[in-house]
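I have placed the structure first, in the form of structure tokens, so that the comments after it can refer back to it.
As the structure lists them, so they are numbered: ligands from 1, and atoms in each ligand from 1. Both backbone and side-chain heavy atoms feed into the values below; hydrogens, waters and symmetry mates do not.
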Amino acid sequence: MRTDFQHLLIVQDGSVLTITMNRPEVLNAFNDNMLAELTEAVEAVAQDDAVRCVVLTGAGRAFGSGQDLHSLAEGRSIGAVSKVSEHIQKYHRVVYAIREMPKPVIAAVRGVAAGISCNIALACDLRIASDDARFIEAFARIGLVPDGGGGYFLPRLVGVGKALELSMLADEVSGPEAERIGLVNTCVPLEEFEEATQALAHRLAKGPTRAYALIKKLIYTSAESDLQTSMRLEGDLQDMAFETEDHQNAVVAFLQKRQPEYKGR
Ligand code: T3D
């Protein structure tokens with residue numbers, strides 16, 4: 001994949017690829033170009049077997065401040081978008097690409113994650129936050145509803161009551177509080193954030209990547225499935241997992257009393 005983006009930094013370290021949204025002067029707010037670039041990068045990395053874990057993060061003191069409100073106002077004033085739902089579909093494409101990515105995607109959130117930036121973090125498989133993180137479902141502050149899948153992800157992560165509270169009051173949730181309510185998986189002190197993020201990413205990148213892709217499918221469909229449907233899918237996915245080299249080698253490794261080395265195949 002190309003790495004010469006205007007508003008993204010791409011760094012590959014072994015089989016971990018880190019995508020950094022890079023508009024720090026506006027706390028990494030999304031303009032059209034950054035959104036298009038993020039879509040391209042996420043779709044490209046999905047195809048790259050050399051990458052086995054993706055980290056999404058923000059440059060500077062924030063993860064992201066949501067839609068760039070200067071671009072939004074400008075687009076409206078020149079009548080560039082007739083219906084905002086058409087614009088939102090561009091965000092949906094990124095959300096789908098993250099969810100369908102056949103490898104783990106980690107959102108690494110330091111500082112603020114507001115509006116659509118917050119919801120893109122929620123679309124990722126795992127979230128690590130620093131203790132200075134601030135999650136804000138900022139939409140109601142400007143008279144909007146949570147978009148980018150927020151209305152789907154939020155109640156599933158924190159429950160309906162909390163999702164309504166966060167969406168309606170649009171108050172900040174700190175990193176430690178986000179961990180307590182299940183909005184993020186873990187919250188670490190800021191000074192340990194980079195190291196903890198990379199440690200998690202490298203751990204996942206050394207794991208059974210194909211099984212992880214199948215696990216994503218199983219877990220992400222569970223909320224819409226009844227038990228029978230979920231267990232039927234489980235059987236189909238297990239058939240696939242059963243055929244992987246990683247599974248077969250891991251069983252041999254267990255029997256030989258040694259650690260398995262997963263190849264992602
Ligand atoms: O068509 C569509 O796409 C509709 C869909 C919308 C999806 C959404 O995301 S809606 C939500 C949009 N985002 C917001 O409403 C958040 C706006 N920003 C803020 O409320 C605050 O900036 C924060 C709480 C995020 C952070 O506050 P703070 O005090 O840490 O930083 P700050 O000083 O407010 O911001 C620093 C700079 O970033 C500042 O620029 P300046 O004054 O230094 O030149 C500020 O204007 C800029 N900035 C922050 N957020 C945005 C932004 N510029 C453009 N768009 C932003 N969203």
Pairs under 3.5 angstrom, nitrogen or oxygen on both sides, ligand 1 versus protein: list them out, please.
unit_1, atom_1, unit_2, atom_2, d
ligand 1, 1 (O), H87, ND1, 3.0
ligand 1, 3 (O), Q67, OE1, 3.1
ligand 1, 3 (O), H87, ND1, 2.9
ligand 1, 9 (O), Q67, N, 2.9
ligand 1, 9 (O), I116, N, 2.9
ligand 1, 13 (N), S65, O, 3.0
ligand 1, 30 (O), R61, NH1, 2.9
ligand 1, 30 (O), R134, NH1, 3.1
ligand 1, 31 (O), R61, NH2, 3.2
ligand 1, 50 (N), S65, OG, 3.1
ligand 1, 55 (N), L69, N, 2.9
ligand 1, 57 (N), S65, O, 3.1
ligand 1, 57 (N), Q67, O, 2.9

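Hydrophobic clustering (ILVMFWY, side-chain heavy atoms < 4.5 Å, transitive): L218 and L157 are in distinct clusters. Linking ILVMFWY residues whenever their side-chain heavy atoms come closer than 4.5 Å, directly or via other members, places L200 and I219 in the same cluster.
Residues passing the ring pair (Phe, Tyr, Trp, His ring centres under 6.0 Å) test with F139, sequence neighbours excluded: none.
No cation-pi contact links R210 to Y212, judged by a cut-off of 6.0 Å to the six-membered ring centre and 45° from its axis.
To the nearest 0.5 angstrom, E137 atom CD is 13.0 Å from M168 atom CE.
In this structure, the ring of F135 has its center no less than 6.0 angstrom from the ring center of F63.
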